[in-house]
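Report on the following structure.
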Amino acid sequence: MGPRGVTLDWSHSIYVADSGNNRVQYYPRGALSGITVCGQSNGASGSDASHLFNPWKVMVENEGDIYVVDRNNHRIQLWKFNSSFGLTVAGLGVLGSNDSQLYRPQDIFRDEKSGALYIADTYNHRIMRYFRNESTGAVVAGGNGAGNSNIQLYYPTGIRFGVSTDTLMIINYQTNNIVQWKIGDRNRTVFTGNINGIAGSTSTQLSGPECLITDPMGNLYVADGSNHRVQFFLPDQPNGITIAGKTAISGYNSTLLYHPIDVALDTQLNLYVADTLNHRIQKFLRY
């Protein structure tokens, strides 16, 4: 119900953050029925180690360990392979703004080179970085209150980190744009979307964007939620191409989306979309 996150493992099995049911569902490759691997199968919410509350994103590592953005518990949970409970690796389980706390986080990304975990700390308007086995993070982007100035973020909902450029790509939900923030810099630059934050539906505009992913060539795929589409951007090109859904048209047939929130790719670069308000995951063949 209302899936917010989708990802795949090496075998093309699918993991879904089934947010409205407070659980993560696992679909082995080709399966039509899911298995609850995090949270409770009956959809019960909670704040102890065996429960989730409005999980937003999921990340799976090669060993089968699952990281869950447990949004309304203000924490990141690690569910070891086949475990029935999670371990808190970031956040304290209560909202806050110090370096050990999170406030409704919505995305995570692992830098495989350093092992650092980057977290979109959405309601604190900042990006946090946690190194392995550390309970305290550091602000690496934003953290200057909500706003549209070049030192601020405004509800960041999606992140990716480019190791070769040492730069974060961040979706700024409230200002309807995607910004780039180099680690160590004090400010950011706008990659695409209106600089003034106004929503739009042209090839260089966004409306309520949620999450993003990159492929090995550096191309960018964006869930442009309120435009009911997925946009494709070539490296360093701010003009997007609609590759799933139809701009500003919602619907439930096979060519339409209804507020997509997340996107994922398999090893053949087929696209998977968390079609949130249609309560489904859609697959589109490689663009």
Side-chain angles (χ1 to χ4, degrees), residues 4 54 56-57 69-76 88-111 114 116-131 134-163 165-200 204-214 220 222-226 233 236 238 261:
R4 256 68 179 189
N54 203 211
W56 210 263
K57 288 294 294 290
V69 179
D70 193 11
R71 180 179 184 264
N72 283 6
N73 278 324
H74 316 290
R75 64 188 183 183
I76 309 300
T88 302
V89 296
L92 299 178
V94 292
L95 67 88
S97 60
N98 68 35
D99 287 347
S100 298
Q101 295 175 305
L102 302 170
Y103 187 9
R104 291 184 180 171
Q106 290 189 198
D107 198 12
I108 50 175
F109 181 78
R110 170 78 73 197
D111 172 13
S114 70
L117 192 67
Y118 290 88
I119 302 170
D121 189 12
T122 305
Y123 277 61
N124 278 324
H125 312 289
R126 65 188 185 181
I127 306 300
M128 301 294 292
R129 180 176 63 192
Y130 282 75
F131 288 107
E134 289 189 350
S135 59
T136 300
V139 179
V140 293
N144 298 303
N148 196 33
S149 77
N150 63 3
I151 64 168
Q152 293 176 303
L153 297 173
Y154 205 161
Y155 293 118
T157 56
I159 47 170
R160 282 296 180 270
F161 176 67
V163 176
T165 61
D166 208 30
T167 299
L168 289 159
M169 189 77 77
I170 306 168
I171 285 190
N172 242 353
Y173 176 85
Q174 193 66 31
T175 54
N176 303 292
N177 55 27
I178 298 173
V179 302
Q180 294 172 308
W181 201 308
K182 188 176 178 62
I183 299 297
D185 283 358
R186 292 179 54 83
N187 50 43
R188 82 302 194 273
T189 59
V190 174
F191 169 72
T192 194
N194 280 322
I195 294 176
N196 58 15
I198 296 173
T204 60
Q205 295 176 317
L206 301 166
S207 180
E210 290 274 359
C211 287
L212 74 165
I213 194 169
T214 55
L220 188 68
V222 179
D224 189 16
S226 297
F233 297 87
D236 302 318
I261 281 186

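Note that these values count all heavy atoms, side chains included, but never hydrogens, waters or copies made by symmetry.
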Q | Intermediate values then yes/no, side chain to side chain contact (heavy atoms under 4.5 Å, CB included), L95 and L102 | A | CA-CA 6 Å; L95 67 88; L102 302 170; over 6 Å; no
Q. Can you tell if the side chain of V94 reaches within under 4.5 Å of the side chain of Q101, non-hydrogen atoms only?
A. yes
Q: Determine yes or no for a side-chain-to-main-chain donor-acceptor pair under 3.5 angstrom, with T175 supplying the side chain and G197 the backbone.
A: no
(Q) With rounding to the nearest 0.5 angstrom, report the CZ to NZ distance, R4 to K57. (A) 13.0 Å
Q. Among V190, I170, L206, which one satisfies side-chain contact (heavy atoms from CB on, under 4.5 Å) with I178?
A. L206
Q. So, Y118 versus F161, ring centres under 6.0 angstrom or not?
A. yes
Q. Below 4.5 Å, heavy atoms only, C-beta onward: do T189 and W181 meet side chain to side chain?
A. no
Q.
Are P156 and I127 packed together at the side-chain level, in the sense that at least one heavy-atom pair is separated by less than 4.5 angstrom?
A. yes
Q: For residues A141 and L168, report the shortest heavy-atom separation together with the two atoms involved.
A: CB-CD1, 4.2 Å
Q) Shortest non-hydrogen contact from P105 to I119? A) CB-CG2, 3.9 Å
Q: Under the side chain to side chain contact (heavy atoms under 4.5 Å, CB included) rule, what do D166 and K182 come out as? Steps first, then yes or no, please.
A: CA-CA 6 Å; D166 208 30; K182 188 176 178 62; 3.9 Å; yes
Q: Could you tell me whether a side-chain N or O of N172 sits under 3.5 Å from a main-chain N or O of Y154, the two making a donor and an acceptor?
A: yes
Q.
For the backbone of V140 and the side chain of R126, can you confirm whether one donor and one acceptor N or O come within less than 3.5 Å of each other?
A. no
Q: Check whether the side chains of T136 and S100 place a donor and an acceptor atom closer than 3.5 Å, and report yes or no.
A: yes
Q. Is there a side chain to side chain contact (heavy atoms under 4.5 Å, CB included) between L220 and V222 once you walk through the steps?
A. CA-CA 7 Å; L220 188 68; V222 179; 3.9 Å; yes
Q | Validation row, ring centre Y123 to ring centre Y155 under 6.0 Å | A | yes
Q. How about I183 and D185: do any of their side-chain heavy atoms sit closer than 4.5 Å?
A. no
Q.
Has D107 got a side-chain atom pairing as donor or acceptor with A120's backbone, closer than 3.5 angstrom?
A. no
Q: Test S114 against F131 for side chain to side chain contact (heavy atoms under 4.5 Å, CB included), laying out the working first.
A: CA-CA 8 Å; S114 70; F131 288 107; 4.1 Å; yes
Q | Cation-pi, W56 ring and R71 (6.0 angstrom, 45 degrees) | A | yes
Q. Distance from E134 atom CD to D99 atom CG, nearest 0.5 Å?
A. 11.0 Å
(Q) What I'd like to find out is whether the side chain of N176 reaches to under 4.5 Å of the side chain of I198, using heavy atoms alone. (A) no
Q. Does the side chain of Q174 come within less than 4.5 Å of L153's, by heavy atoms?
A. no
Q. side-chain contact (heavy atoms from CB on, under 4.5 Å) with N177: which of I195, N148, N194?
A. N148
Q: Find out whether M128 and V139 are in side-chain contact, i.e. whether some heavy atom of one side chain is under 4.5 Å from a heavy atom of the other.
A: yes
Q) Is it true that a side-chain atom of T88 and a backbone atom of A90 form a donor plus acceptor pair closer than 3.5 Å? A) no
Q) Rounded to the nearest 0.5 Å, how far does CZ of F191 lie from OG1 of T167? A) 12.5 Å
Q. Quick check: does any side chain N or O of Q180 sit under 3.5 Å from a backbone N or O of M169, one acting as donor and the other as acceptor?
A. no
Q | Exercise: identify the closest heavy-atom pair between L212 and I159 | A | CD2-N, 3.5 Å
Q.
Within this structure, what is the CG-CG distance for the pair N98 and L92, rounded to the nearest 0.5 Å?
A. 6.5 Å
Q. Counting N and O atoms only, with roles assigned by atom type, does the side chain of D121 sit under 3.5 Å from a partner on the main chain of R104, one being a donor and the other an acceptor?
A. no
Q: Report yes if the side chains of D70 and I76 come closer than 4.5 Å at any heavy-atom pair, otherwise no.
A: no
Q: Could you tell me whether D236 atom CG has more than 12 heavy atoms of other residues or ligands within 6.0 Å of it?
A: no
